[in-house]
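Just so we're on the same page: letters track the sequence lines, and every chain starts at 1.
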Amino acid sequence: MLDLIWLVIAVPLVSSGILLLAGRRANAWGHWLGVAASASTFVVGFGAFLQMLGMAGEERSHAVHLYSWIPGGDLQLDAGLLVDPLSLTFVLLVSFVGTLIHVYSVAYMEHDPNRRIFFSYLNLFVAAMLLLVLADSYLLLFVGWEGVGLASYLLIGFWNHKPAYATAAKKAFVVNRIGDIGLILAMGLMLASFGGVDFATVADGVSGASTATLTATGLALLLAACGKSAQFPLQSWLGDAMAGPTPVSALIHAATMVTAGVYLIVRSAPVFEGAPDAQLVVAAVGALTLIMGALIGMAKDDIKKALAASTMSQIGYMMLAAGLGPIGYAFAIFHLVTHGFFKAGMFLGAGSVMHGMNDQVDMRRFGALRAAMVTTWVTFGLGWLAILGVPPFSGFWSKDKIIEAAFVGEGVQPWILGGAALVGAGLTAFYMSRLFFMTFHGKARWTDDQHPHESPALMTVPMIILAVGSAFLGLFLAVGDRFAHWLEPVTGHAEHHDPVMPIWLIMTLTLALVALGVWEAWRRYGAADVPTEAPDVSLATVAARNDFFQDSVNRGVFERPGTHLTRTLVYADAAVIDRAVNGGAQGWPKTGEAVRRAQSGQVRSYAATMVVGLVIVVLIVVLGGL
Amino acid sequence: MDPINFVILACVLFAIGAAAVLVRRNAIIAFMGVELMLNAANLALVAFSRIHGQVDGQVMAFFVMVVAAAEVVVGLAIIIAVFRARQTISLDEPAELKG
Amino acid sequence: MVDTVIFWVIAAITVIPAFSLIFARKAVYVAMSIVLVMVGLAAAYITLDAPFLGVVQIVVYTGAVMMLFLFVLMLVGVDRREDMKETLTGQRWIALFGAGGLGAFLIAMVARVSLPVAEEPLVGEPDVIAGVLFERYVLVMEVLGFLLITAAVGALVLTHVPRLKPRKTQLEVQRDRVRVGADPVNKVFPGVYARHNALDVPALDPQGEPIEQSVSRVLKVRNQTQEGAHFRARLDDPSRAGGSDAEHSGRGLSDPERLDPDRLDPDRPDPEGSDREEGR
């Protein structure tokens, strides 16, 4: 099964091609082909997983050499796949959640005339994402990286007849390109200093490389991760990316693709091990983003955008963990997996709500949906409890570990990082509870034409499965540190360090903050009336509503100066370079004009010139002979 | 008599021919100047042939004569064609090459 | 001693006529001078143990090339006298210093050389030349053969005038002459019949008046014609003396109107043709 792992990339890719090329005649069965392709990846992935479980810990790394990709003299780049616990974890997550969302989409996109194309893009995404996580080199990873970027672009702009959606897709694409520059830079640095871009070569070369090189490489990788995972300062695209169909938001912009940045950091652990400064920056970026995302989430009234902000915030947790080094890697991935389940479940729940509410996304128009949508309410509620970190649900096992790990260290660092993580937990509790209560509790604030109803089984069954995962997966994986042991061959064994505060205190504080957040949210949005129009409140809320003016900042800091720089360059090009070149070109006609006078047209003058030239030649010969 | 004297004579004839090409406006006379220059070169070839005691120089002169004959044929044909078109054989008349 | 004399004679008959290239006004004189130069060069070749080449020089240059030059000269007009005024600024000075300097430098270079002269040279007899020509240089000779053929064809192409219209028949020529009012018949031959048959004497018409058109235009330009009136018919018939005769006598050669060169141009259609017709 391990040698057949290439199938998980090939099958959805072929399926995607078939769906695109088959045309309208595939409309009837195309979506089921997409579901089958996605499901088959899970079957293959699960087979590989079972096979790997049977191996000893040290053997759990299987390289599949595909072919020699770029045989360029000294530069030999091969295309190969690397199957190890980390990549298999992703394969299972992507294929399992992906398959559920495929099934969900069958119903969700039922009335869309382009459903077949949608499934083609989804399959393309699955193939690219699996290539990303299975690649054994940064270069092949980059192919998958760009592939998921393409799929993301296509799916955000799936309803591109609306200009705003097309713009959102373009924005995501452009911001992702900025991140890609980081990855390309990192690969260039690796080629220059390690002589290769595959993970093994990089891991071997780290010991001989200077700290400065490793720091530069690490920061470049961080830039790439920030672009893909919507971390500060490249976070601006994720909110707009909610323009895509909700299953896309669930799969790509919550569960899988946006976590690729975390994967990249964890995969690049050898580089970051040698560059503590870069590691610290990673943790700092994670901490900053988790607070920022939480604050934005508190202010948003659009249910999908609030969830998107929550995603940013949760990925901030993962980045924070990944930036802590070996003690955090396993928890980062652990939280990634649990988050993949509960966030996908909640997005699907949001989709279900929108489905029943005429595509309304304003939470101020929801309320009291608990009775109308029982299944959605229950599944969403389980996701809500999971993300809050309430024991024994999944989020508790992963997030609490990250908070504990953030408090490990010396000096002021654990207090800042740990404090951020702790506060973030409280904020998370508040905004998620706000979202939950505004949607499902309180009084109904529906518009007249809305008649909420439960979604069909094709939609609710995936939600139920994900809800079960949200509830119990964390417990299952956390018992006896199963997940950490599973990942140990990749992340290395972490020495146990005691946090600066006792663990029981951290846990108590966390739960207290969470309880406080939930109580505050209930007081404001569950028990009290929620106005249907957003009230004018403090400056901070306005700022958070506007994503901390990220677009204005980008426009002012990057776009305007960039435009002016470009204009200046264009002007300089015209004024200096063009003028020099054109001036030089105009010099030739003038030279020709001057030389033209020598051409009298008189044959005898030409003869005279020849004779004089001959005399000079003879003179030179005579004088040379003397 | 040293044959090198004939070479000097050839130089004199060459210079006269060149001067004729430069000063005469009549195309035929200028052309005869060219012929004289060719013959001066022939004389030098033959003189050197005598100095070396070999006949190769003479053969070269022979070849020069052949080429000169061909040149005369074409050159005079051109002069006639120009005369037909312009009713003149002055070298100063055709000045189309003036830049 | 004899050699020296021969050299100086050859130098004289080559250099002195060669100067005609620069100074002679008439192209024919130049051509004839160059013929002399070529003969002198032929003599020089024979002196230099190249008898075959000397003969070829005479045959090719004096016999063919220079005669070709003469033919062309006749085609374009033998009697043109060239205006020796220089039109290009400084051309003469350039020519003087250019050609003179070239000659001087060449002579200076040659004079500094002293080569041992072969004691028993190979004489350029025809069989010797042929041996070298057809053994060592046979390929060059073949190539030169192509060159000559190409040159001959080229000359044909250059001088060929394509006929764009069909040739006029005699009938058409005659009709054209009548249409423009020119003389419908042949021009009168010169010479006063029964008294004088020279080309420079105009013919007399039946009234005894001289016909100026009968004399060649060239002779008139050169003022080589005889006074036509001198040969005028003297008819003592009194009936002829009066009337129309007096009118005709007034139109004799002495009449300045009759000497108008335009009238003498035979190719020019006479606008007063009818008047003259009547006069006859």
Between Ile34(C) and Met32(B), what is the shortest heavy-atom contact and its length?
-> CG1-SD, 4.1 Å
Does any heavy atom of chain C fall under 4.5 Å from the side chain of Met37(B), the backbone, both, or neither of them?
-> neither
Using a cut-off of under 4.5 Å on heavy-atom pairs, state which of Cys11(B), Ala18(B), Ala69(B) scores highest against chain C.
-> Cys11(B)
Tell me, for Leu43(B) versus chain C, whether the close heavy atoms (under 4.5 Å) come from the side chain, the backbone, both or neither.
-> both
Looking at Val72(B), Asp2(B), Leu9(B), which makes the most heavy-atom pairs under 4.5 Å with chain C?
-> Leu9(B)
Any sub-3.5 Å donor-acceptor pair from Arg50(B)'s side-chain atoms to Pro121(C)'s backbone N or O?
-> no
Ala118(C) versus His52(B), closest heavy-atom pair with distance = CB-C, 3.8 Å
Aromatic plane relationship, Phe52(C) with Phe62(B) - under 30° parallel, 30 to 60° tilted, over 60° perpendicular | tilted
Greatest number of non-hydrogen atom pairs under 4.5 angstrom with chain C, of Ile28(B), Val73(B), Ile80(B), falls to Ile28(B)
Examine whether an atom of Asn42(B) lies under 4.5 Å from a heavy atom of chain C, and if so say whether it belongs to the side chain, the backbone or both; otherwise answer neither.
-> both
Counting heavy-atom pairs under 4.5 Å to chain C, which of Ile78(B), Leu76(B), Ile4(B), Val7(B) comes out on top?
-> Leu76(B)
Highest number of heavy-atom pairs under 4.5 Å with chain C among Leu36(B), Val67(B), Leu13(B), Val21(B) belongs to Leu13(B)
Taking all heavy atoms of Asn39(B) and all of Met38(C), pick out the closest pair and write down the distance.
-> ND2-CE, 3.0 Å
Between Phe63(B) and Leu133(C), does a side chain to side chain contact (heavy atoms under 4.5 Å, CB included) hold up when you go through it step by step?
-> CA-CA 10 Å; Phe63(B) 289 148; Leu133(C) 198 57; 3.4 Å; yes
Region of Phe48(B) that comes under 4.5 Å of a non-hydrogen atom in chain C | side chain
Scan side-chain atoms only and decide if Glu35(B) and Tyr61(C) contain a donor-acceptor pair under the 3.5 Å cut-off.
-> yes
With only heavy atoms counted, which part of Ile16(B) is less than 4.5 Å from chain C, the side chain, the backbone, both or neither?
-> both
